[in-house]
Amino acid sequence: MEILTTNHYERIKELFRDSKYKIRIMSPFLSKSLSENLCELVQEKGIECQFITRIYLEDLYAKANSIEAIEMMIKSGIQVYSLKFLHTKLYIFDDDMAVVGSANFTTSGFKSNIELSLLADGKTEKESLELISELTQYFDDTKSKIQDGLVMEEMLSKVRTDYNNLIIPYKKANSVKTSNYNTKMYGAVIKTPKNLDLTEEVLSAKKEKDIINEIFSSNEPRKQIKYNHSIWMKQMGRGNDRIDGNSMYEPTIVDLNGKDILISTYSEKKKPTTIADEDEVYLAALSQNLKGQNVPIIIGRGYLRKFSEENRYKEEWLSEHPWLKDYPWYCIIEKCELLNTIVKNGVSMDIVWDELGSDTYESSFGMCEALDKVSKKHYQKAHIRLSGNAKEFIDEQFDRLAKKYGVKSYISEK
């Protein structure tokens, strides 16, 4: 057996990767990014997966749980059950590995929070195998007692309606809910705790201090990661002329004094005067993601050269790129790598907003803005500075996709 403290993420990541046929999870809270990783694993390896969680309206508001993530899991073939008053955190891999402890199925639960769990390795220890058998029995017994708790579209539809009725008034007021709370719960009940304080129960998501929850309410702001250079998200396409999500993105390469260079272009009014040498850039196509949402999707990353007033399009480029008349200014991309897949398979920015909220952008870091306001920050902007925190999260997502699809690398000649 092994005690997990600061190494939750690494060890549990290995267990997911090494699973062969079945995964069982009990976790009150879950994050969208980890759910997406689980869905990919289940589909790629054909693994049977059962997930017991809880669905409270207050948890959804606090971003400790996600309707979209649950829907994504169901579509991937994962059986999801909703159990009221659930607090157990349990992960069973095949029939010979298990983790039980305090960590939720969230990024902060595995990475950032102070957590303590026990890893039982039934592959090497007889005592662990016996414990895993008991934990499996506990999981199966709990699941067998859940009546009307299997999450289907009818339940999700009800949850969405109730959630929208709760959230829309606050969005319109552009305010953050502070004192009010909602006690609606969905799913099965096995046993209602005695002397239950419903206020304490529905507000438990806030006490978890999950990273996603901290976007909205916390006295301990996230520590900002700083770099000595700027990190840009450069958007390609227009709101009324989006890039086809089913197409491969092709970079703009032009001949400058006999040398092939890769460029990022800007409109007459959006001259990129603040770009310096070695600034990083994430190339985001304005397109539709896998769910059909209009959202920027990151399909490339690289480094820029400093902007110069000489960086204006050449007439000879127009024969191949006539649209440069509308985007006359450019920066040279020193080098970059593009995901070798269609646009919609890239890193959708809604995942980043879900994870970091207003901390996605340098200009709004620590401001705890409402999520709908955060998602509109890219409007009318040719490029926008990302926070160091966003860079690290996007890189993690990009690396995962690069491993899956591969990349195409480009270098501008000097």
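Computed from a predicted structure; not experimentally measured. We count residues from 1, following the sequence as given.
Side chain of Ser287 to backbone of Arg242: no donor-acceptor contact under 3.5 angstrom is found. Between the Lys22 side chain and the Lys20 main chain, no donor and acceptor come within less than 3.5 Å of each other. Side-chain atoms of Ser387 come within 3.5 Å of backbone N or O of Thr360 as a donor-acceptor pair. A side-chain donor-acceptor contact under 3.5 Å links Asp359 to the backbone of Gly366.
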Going by atom type alone, with no hydrogens or angles, which donor-acceptor pairs under 3.5 Å involve a side-chain atom of residues 323-333 and a protein atom two or more places apart or on another chain?
{"from": "Asp326", "atom 1": "OD2", "to": "Arg238", "atom 2": "NH2", "distance (Å)": "3.4"}
{"from": "Tyr327", "atom 1": "OH", "to": "Arg238", "atom 2": "NE", "distance (Å)": "2.9"}
{"from": "Trp329", "atom 1": "NE1", "to": "Glu268", "atom 2": "OE2", "distance (Å)": "3.3"}

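Side chains of Ser230 and Arg385: a donor on one and an acceptor on the other come within 3.5 Å. Neither side chain, Ser117 nor Tyr91, offers a donor N or O lying under 3.5 Å from an acceptor on the other. Side-chain atoms of Thr136 and Tyr138 include no donor-acceptor pair closer than 3.5 Å.
In summary, Lys344 and Asp244 do not engage in a salt bridge, as defined by a charged side-chain N under 4.0 Å from a carboxylate O. Taking 4.0 Å as the cut-off between side-chain N and carboxylate O, Lys184 and Asp162 count as a salt-bridged pair. Under the 4.0 Å criterion applied to side-chain N and carboxylate O atoms, Lys32 and Glu68 are not assigned as salt-bridge partners. A salt bridge links Arg301 with Glu337; the closest basic N to acidic carboxylate O contact falls under 4.0 Å. The residues Arg17 and Glu14 are annotated as not salt-bridged, no charged nitrogen and carboxylate oxygen being separated by less than 4.0 angstrom. Contact check on Lys404 versus Asp399 returns no salt bridge, with no Lys/Arg side-chain nitrogen under 4.0 Å from an Asp/Glu carboxylate oxygen. Between Asp395 and Lys391 a salt bridge is recorded (basic side-chain N to carboxylate O distance below 4.0 Å). Ion pair Arg305/Glu278 not flagged as a salt bridge, since none of the NZ, NE, NH1 or NH2 atoms sits closer than 4.0 Å to an Asp/Glu carboxylate oxygen. We find that Glu362 and Lys226 are not joined by a salt bridge, their nearest charged nitrogen and carboxylate oxygen being 4.0 Å or further apart. Ionic pairing of Arg160 and Glu153 is present here: one or more N-O contacts between side-chain nitrogen and carboxylate oxygen are shorter than 4.0 angstrom.
Taken to the nearest 0.5 Å, the OH atom of Tyr405 stands 4.5 Å off from the OG1 atom of Thr341. Here Ser35 contributes atom OG and Met73 contributes atom CE; the two are 4.5 Å apart, rounded to the nearest 0.5 Å. Taking OG1 of Thr273 as the start and CG of Asn311 as the end, the distance is 12.0 Å to the nearest 0.5 Å.
Annotation: side chain of Phe93 is not in contact with side chain of Arg24 (no heavy-atom distance under 4.5 Å).
Each of Ile263, Ile261, Leu262 was compared with Thr252 under the side-chain contact (heavy atoms from CB on, under 4.5 Å) criterion, and only Ile263 meets it. Test Lys306, Lys234, His383 against Pro272 for side-chain contact (heavy atoms from CB on, under 4.5 Å) and you get one pass: His383.
Judged as a ring-ring contact (aromatic ring centres under 6.0 Å, His included), and not counting sequence neighbours, the contacts of Tyr227 are His229.
Using the six-membered ring where Trp is involved, Phe51 and Phe105 have ring planes that are perpendicular, over 60° apart on the 30 and 60° scheme.
Summarising the local packing, NZ of Lys314 is surrounded by more than 12 heavy atoms from other residues, nucleotides or ligands at distances under 6.0 Å.
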